[in-house]
Amino acid sequence: MKPFQYLRARTVEEATTLYADHPGARYLGGGTNLVDLMKQGVETPGTLVDVSRLPLGEVRELPDGSVRIGAMVRNSDLAAHPLVRERYPVLSQALLAGASGQLRNAATTGGNLLQRTRCPYFQDLSKPCNKRAPGSGCGAREGVHRDHAILGHSSQCIATHPSDMAVALAALDAQVELHGRQGERTVAADAFHRLPGDRPDQDTEIAPGELVTGVLLPPAPAGLPSAYRKARDRASYAFALASAAVVLSVEDARIRYVRIAFGGVAHRPWRARRAEEALLGGAADDAAFSRALRAELAAAEPLRDNAFKVPLVRNLAHDVLTRLAAAAPRH
Amino acid sequence: MATDAFRSDVRLTVNGTVHEVTVDHRSTLLDVLREQLGLTGAKKGCDHGQCGACTVLVEGRRVNSCLLLAVAHEADEITTVEGLHGPDGDLHPLQRAFLDRDAFQCGYCTPGQICSAVGALAEAAAGSPSYVTDPGTDPAAPVGLSRDEIRERMSGNLCRCGAYPHIVEAVEDVAR
Ligand SMILES: Cc1cc2nc3c(=O)[nH]c(=O)nc-3n(C[C@H](O)[C@H](O)[C@H](O)COP(=O)(O)OP(=O)(O)OC[C@H]3O[C@@H](n4cnc5c(N)ncnc54)[C@H](O)[C@@H]3O)c2cc1C
Ligand code: SF4
């Protein structure tokens with residue numbers, strides 16, 4: 001690992017100033033992804049600006065009923081928070097589906113959003129990778145890509161985003177709060193991660209030096225049905241092959257509200273907007289779910305070794321929709 | 001050792017003893033525990049947070065010490081397997097249960113398993129859910145630890161000898 005300077009920020013302002021004053025700096029959250037990538041030589045910062053002790057460690061309800069999550073809230077604390085468990089079960093479940101108890105105790109909300117892909121070529125300096133070394137090629141396209149994308153990939157990059165949490169945030173219409181030298185702004189969680197296009201090195205819409213300060217969840221009534229389901233190669237402690245986050249409200253046998261996001265299938269959490277549009281206002285039954293999910297996945301472009309993900313993600317989403325519909329109050 | 005741009009003095013409280021050490025910023029907490037403080041209980045398995053052999057408790061919470069930079073843990077209270085015993089040297093109930101249940105073969109993953117179990121029991125007692133906890137469970141109540149709960153909560157610790165059935169029994173003994 002390359003030697004580096006270590007600086008601890010006490011305020012948000014100080015963090016962004018330190019970053020700006022030290023070219024090649026990186027923010028350090030829990031370090032569970034960054035330190036790993038530094039060991040592998042993928043990240044070689046000259047300076048680490050430790051933001052993990054910034055006073056952004058709270059989950060709080062705002063007067064309008066929305067819930068603000070500080071960027072330094074640890075994944076385990078967020079998953080266990082009563083407000084999250086009662087109103088946003090999909091978020092609690094997605095967090096608990098990720099990593100291990102030890103890692104969730106260290107991982108921060110901001111760091112989770114900004115974790116890098118687990119594509120093995122990205123992590124191996126001896127291999128070509130357009131995300132790590134733009135222009136070097138994509139090792140995965142003709143290589144090992146069973147875990148890679150089926151939706152929205154480009155000739156440059158076929159990687160997936162590994163976060164489970166981000167999939168739930170996309171389904172919840174959350175906002176990501178950013179603080180930079182130019183001031184503050186918010187970006188919809190759903191638009192925060194990018195598709196690779198011809199800039200696979202850019203995972204997200206964040207600008208250099210911008211700090212994630214929090215995530216805002218829109219108001220949700222206690223008991224709004226939502227859930228997360230994840231398929232992986234072992235029962236626990238593995239990244240998603242595919243996953244589905246669903247929020248569903250059924251009244252008088254009609255779908256009044258529906259949000260669906262897929263994980264493990266694209267360079268970003270995949271909001272299934274076509275499926276949502278097809279379902280809204282209609283019946284919450286098997287035939288409707290099947291039609292809507294098939295319409296969404298008509299856009300899938302599976303690679304040589306990952307066509308299995310198309311029925312996998314369809315079945316996961318179908319199952320979660322069915323379970324949530326069954327739990328809906330009957331009229 | 002002098003400090004410079006790449007090294008700092010840090011104060012770490014490990015198993016109740018305060019240590020003042022100069023650390024290279026690149027040093028993980030695991031490396032400092034093992035190489036500078038002579039505490040070799042926490043093990044270096046994969047060194048990438050994938051196996052759990054390096055698990056220790058920081059401020060009472062279980063974490064992978066191979067992914068923590070020591071310099072970032074200035075003033076934190078750290079407990080390793082060497083510090084779990086009681087005041088008169090009695091084994092911690094989990095250490096006792098691992099012996100009684102023969103919950104290991106080569107023993108390499110054991111310190112991490114035990115520290116992880118200590119953390120997992122505290123999390124369940126505090127009401128923290130796991131992926132297999134019924135979402136309808138009262139957030140204020142402690143979570144009862146079935147075998148499925150124990151397996152899920154201990155999934156961050158791999159055992160290459162496959163001693164899992166006995167590890168689950170040992171944790172179950174103490175959870176009861
Ligand atoms: C073995 C293993 C298994 C895992 N399994 C899963 C899984 O199944 N599902 C899953 O979702 N995740 C999984 N993870 C990934 C884990 O969730 C992430 O490593 C973690 O969430 C990252 O958070 P952190 O705070 O440690 O980030 P860090 O490592 O500190 O930072 C990650 C990146 O974000 C930047 N950053 C951090 N905080 C901020 C901020 N506030 N503003 C701007 N930039 C910031 C850093 O500079 C860095 O580039 C796994 C990790 C490991 C090691
Ligand atoms: S899929 Fe993306 S991350 Fe993986 S090798 Fe290709 S360019 Fe790199």
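Note on naming: letters A, B, ... go to the chains in the order of the sequence lines (proteins, then strands), and numbering restarts at 1 for each one. This structure is a prediction, so every number in the text was calculated from the model and none was measured.
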> Taking all non-hydrogen atoms of both residues, which atom of A/Q102 and which atom of B/G52 are closest, and how far apart?
Replying inline: NE2-CA, 4.3 Å

>> Sort by residue number and list every residue of residues 24-32 of chain A having at least one heavy atom under 4.5 Å from chain B.
In response: A/L28, A/G30, A/G31, A/T32

>> Given the ring of B/Y131, does A/R232 sit roughly above its face, with NZ or CZ under 6.0 Å from the centre of the six-membered ring and within 45° of the axis?
In response: yes

> If you round to the nearest 0.5 Å, how far is CG of A/N105 from CD of B/E59?
Replying inline: 12.5 Å

> Distance only, no hydrogens: is a donor on one side chain within 3.5 Å (strictly under) of an acceptor on the other, for A/R234 and B/S155?
Replying inline: no

>> Are the side chains of A/R85 and B/P129 in contact, using a 4.5 Å heavy-atom criterion?
In response: yes

> Which residue out of B/G119, B/A120, B/A140, B/C66 racks up the most heavy-atom pairs below 4.5 Å with chain A?
Replying inline: B/C66

> Non-hydrogen atoms of chain A under 4.5 Å away: do they reach the side chain of B/S8, the backbone, both or neither?
Replying inline: neither

>> What's the separation between atom NE2 in B/H25 and atom NZ in A/K2, rounded to the nearest 0.5 Å?
In response: 14.5 Å

>> Show the nearest heavy-atom pair for residues B/A72 and A/D50, with the distance to one decimal.
In response: CB-OD2, 3.5 Å

> How far does NE2 of B/H48 sit from CD of A/Q123, to the nearest 0.5 angstrom?
Replying inline: 8.5 Å

>> Determine whether a donor-acceptor pair (N or O, by modelled atom type, separation under 3.5 Å) exists between the side chain of A/Y237 and the backbone of B/Q50.
In response: yes

>> Are there residues of residues 158-176 of chain B whose heavy atoms fall under 4.5 Å of chain A's heavy atoms? If so, which?
In response: B/L158

>> Restricting to side chain to side chain contact (heavy atoms under 4.5 Å, CB included), what partner residues turn up for A/D147, sequence neighbours left out?
In response: A/L241

> chain A contacts: which residues in residues 91-118 of chain B have a non-hydrogen atom closer than 4.5 Å to it?
Replying inline: B/S116

